[in-house]
Amino acid sequence: MISCEEKIKSEYVKQVLKQIEEKNSNEVEFIQAVKEVLMSLEPVIIKNEKKYKEAALLERLTEPERIISFRVPWVDDKGQVRVNRGYRVQFNASIGPYKGGLRFHPTVNQSIMKFLGFEQIFKNALTTRPIGGGKGGSDFDPKGKSDMEIMRFCQSFMTELQKYIGQDVDIPAGDIGVGAREIGFLFGQFRKIRNAYEAGVLTGKGLEYGGSLARKEATGYGLLYFMREMLNANNISLNGKTVIISGSGNVAIYACEKAQKLGANVVAMSDSNGSIYDKNGINVDVIKEIKEVKRGRIKDYLNYIPDAQYSENDSDIPSVYKIKADIVLPCATQNDINLKTAELLVKNGVIAVGEGANMPCTNEAVEYFLKNNVLLAPGKAANAGGVATSALEMSQNSMREYWSFEDVDKKLENIMISIFKQCKNADEEYNLGTNYVAGANIAAFEKVSEAMISQGII
Ligand code: NDP
């Protein structure tokens, strides 16, 4: 099999990738994300190679405008002092203020922050809203912590972060491990320190203090709107299809809910320990109770639905992916689907994969799916509904208005339809052969690169 690198035709892309690998040799996820994007941009880059090279466009696009890393000291319930590391990567603000979530998870490091920030530039460009790309978080593990510990950590984190953010500067939101509870504590501390009610500084806020209806549902719902559009464009109906979903967090829950509303049968979901299979269709209210209220484990599903089956993860293929399905929605974390898992899914007859998570498929898995004519909805486009609705939250904050659930949901649906169209148009224009991964990258790049060139060498 020819390696990905051997397929690169543009000398400029080759040279930039080499530099990035040398300069960031220990940042595996970041290199992976950049490689996937730059390789898929080749048709555009080859057309304008001289212009981009003169402006060092790819070098600038892949170097964050700023990386902030800071100490987060906090005191646990036993009175012990703990120290975590906080980050904010302000990657690219050429089309609007930096915007992107905060992730609290023990695996967080600079490579993961940079890959997420880099992807966010393209995702945000596709939303058609004026927002640039950023990401942040900490290696703090919220699992098993009391509410008071979470609060003290969030307060310490915000005490430092507030120096670098603002509603016209950088607007964080949630991501893995950061939901409504954490956003509330973060906003409270920001407001106390700044002595101003700048509601637009964070999104994903509670409805009582500037949040938007449908923000909680937006990423999962948006994923399904994109999936429906993609299937329809290929003369396939979502109705009646069997679906499996990895993860059982914010994105996974609302992807499940919307898939069911659109007539699909979701039979499996998971967490990092294992998966549940319910042949009668997952009861999403039970999942909400376990995960949103009790903060429990997915296997607790059996306490409510004893007929369901639970499988612990026991090999390098997560158990959820061993269940046959027409449609697979990875909604947990990065690199969840490697080549081996992709091979199994194709063998089991998968028609379409929709990336609810960021970079859930390795580059080899993506290539394998495309080669086997699996329709692939790339995360940058398919999970952009969350950030798009965050932008709608910012609009409501600026206008000092609240829109109804139906209004926001309709706007979200229209945005997702427009995002799919951008991917499809680029796919057709560049003759990519039903490759929405490259389509999404190209459509976003065309916008960001023009903005960067117009603003000079900065
Ligand atoms: P949550 O924290 O709500 O849920 C994360 C889910 O993924 C949990 O079920 C968790 O299981 C599972 N998970 C996390 N890490 C791992 C791992 N290493 N291996 C296996 N499972 C894991 O996060 P979200 O639902 O918000 O985010 C999920 C994905 O979607 C992420 O990739 C995020 O970047 C992306 N995303 C989120 C958006 C949003 O609006 N929230 C917007 C766009 C993308 P466990 O409880 O066992 O850890």
Side-chain angles (χ1 to χ4, degrees), residues 29 33 99-108 112-113 115-117 119-120 122-124 126-127 133 135-137 140-144 172-183 203-204 211-212 214-223 226 245-256 268-276 287-288 290-292 294-301 312-313 316-321 329-338 341 354-361 377-391 393 412 416 419:
E29 295 82 2
K99 174 105 199 80
L102 296 172
R103 176 176 293 191
F104 292 169
H105 195 273
T107 55
V108 163
I112 289 182
M113 293 286 96
F115 115 64
L116 289 164
E119 298 252 304
Q120 199 81 42
F122 297 84
K123 182 187 306 194
N124 292 2
L126 288 172
T127 65
K135 198 80 189 187
F140 171 74
D141 186 359
K143 271 203 201 99
D175 190 77
I176 293 180
V178 179
R181 173 181 58 169
E182 291 74 18
I183 293 289
T203 57
S212 173
R215 171 60 187 91
K216 183 174 70 173
E217 293 82 357
T219 309
Y221 278 24
L223 173 64
F226 188 99
I245 299 179
S246 81
S248 47
N250 173 262
V251 179
I253 289 174
Y254 294 95
C256 175
M269 289 181 80
S270 68
D271 62 20
S272 56
N273 295 113
S275 61
I276 44 145
I287 301 283
K288 284 183 190 172
I290 296 169
K291 290 290 175 181
E292 294 185 334
K294 304 219 160 112
R295 298 183 190 276
R297 308 305 300 159
I298 196 88
K299 75 167 169 220
D300 301 343
Y301 190 82
E312 198 85 13
N313 291 333
D316 52 350
I317 299 183
S319 62
V320 68
Y321 295 122
L329 304 177
C331 297
T333 192
Q334 63 275 357
N335 293 333
D336 205 16
I337 299 183
N338 59 17
T341 304
E355 296 187 330
N358 287 309
M359 205 168 76
C361 303
K380 280 185 213 83
N383 72 34
V387 73
T389 308
S390 277
E393 182 175 333
L412 165 67
M416 297 314 296
I419 294 176

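In listed order, ligands and their atoms are each counted from 1.
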Thr219, portion touching ligand 1 at heavy-atom distance under 4.0 Å: side chain
Residue portion contacting ligand 1 (non-hydrogen atoms closer than 4.0 Å) for Pro318: neither
Donor-acceptor contact present, side-chain [X] to main-chain [Y], <3.5 Å:
X      : Y      : result
Asn313 : Ser272 : yes
Asp336 : Pro360 : no
Glu393 : Gly204 : yes
Thr219 : Gly385 : no
Glu119 : Leu116 : no
Lys291 : Gly296 : yes
Ser275 : Met269 : no

For [atom], state which one of [options] supplies the nearest heavy atom.
atom                    : options                        : result
atom 23 (O) of ligand 1 : Ile176, Ile298, Asn358         : Ile176
atom 16 (C) of ligand 1 : Val251, Thr333, Asn383, Ile287 : Thr333
atom 2 (O) of ligand 1  : Gly177, Gly249, Gly220, Ala255 : Gly177

If you measure from [atom1] on [X] to [atom2] on [Y], what distance do you get to the nearest 0.5 Å?
X      : Y      : atom1 : atom2 : result
Ile290 : Arg297 : CD1   : CZ    : 10.5 Å
Ile317 : Ile337 : CD1   : CD1   : 10.5 Å
Phe226 : Leu223 : CZ    : CG    : 9.0 Å
Phe115 : Met359 : CZ    : CE    : 4.0 Å
Asp175 : Lys135 : CG    : NZ    : 3.5 Å

How far is [atom] from the closest protein heavy atom, and which atom is that?
atom                    : answer
atom 48 (O) of ligand 1 : Lys143 NZ, 2.9 Å
atom 34 (O) of ligand 1 : Asp175 OD1, 2.6 Å
atom 29 (C) of ligand 1 : Ala332 O, 3.2 Å
atom 45 (P) of ligand 1 : Ser272 OG, 3.5 Å

If you measure every N/O of [X] against every N/O of ligand 1, is any gap under 3.5 Å?
X      : answer
Gln334 : no
Asp336 : no
Leu116 : no
Asn250 : yes
Asp271 : no
Ser248 : yes
Gly386 : no
Asn273 : no

Test item, Arg215 contacting ligand 1 (heavy atom, 4.0 angstrom): yes
contact_flag Arg297 ligand 1 heavy-atom lt 4.0 Å: yes
The single option from Lys123, Arg103, Glu29, Gln120 passing side-chain hydrogen bond (donor to acceptor under 3.5 Å, both in side chains) against Asn358: Lys123
Crowding at NZ, Lys288 (>12 non-hydrogen neighbours, <6.0 Å): yes
Using a 4.0 Å cut-off to any heavy atom of [X], which atoms of ligand 1 qualify?
X      : value
Arg103 : 31 (C), 32 (O), 33 (C), 34 (O)
Cys331 : 28 (C), 29 (C)
Gly247 : 9 (O)
His105 : 15 (N)
Ala357 : 29 (C), 30 (O), 32 (O), 35 (C)

Any side-chain donor near an acceptor of the partner, Thr341 and Asn338, under 3.5 Å: yes
Sub-4.0 Å protein heavy atom next to atom 10 (C) of ligand 1: no
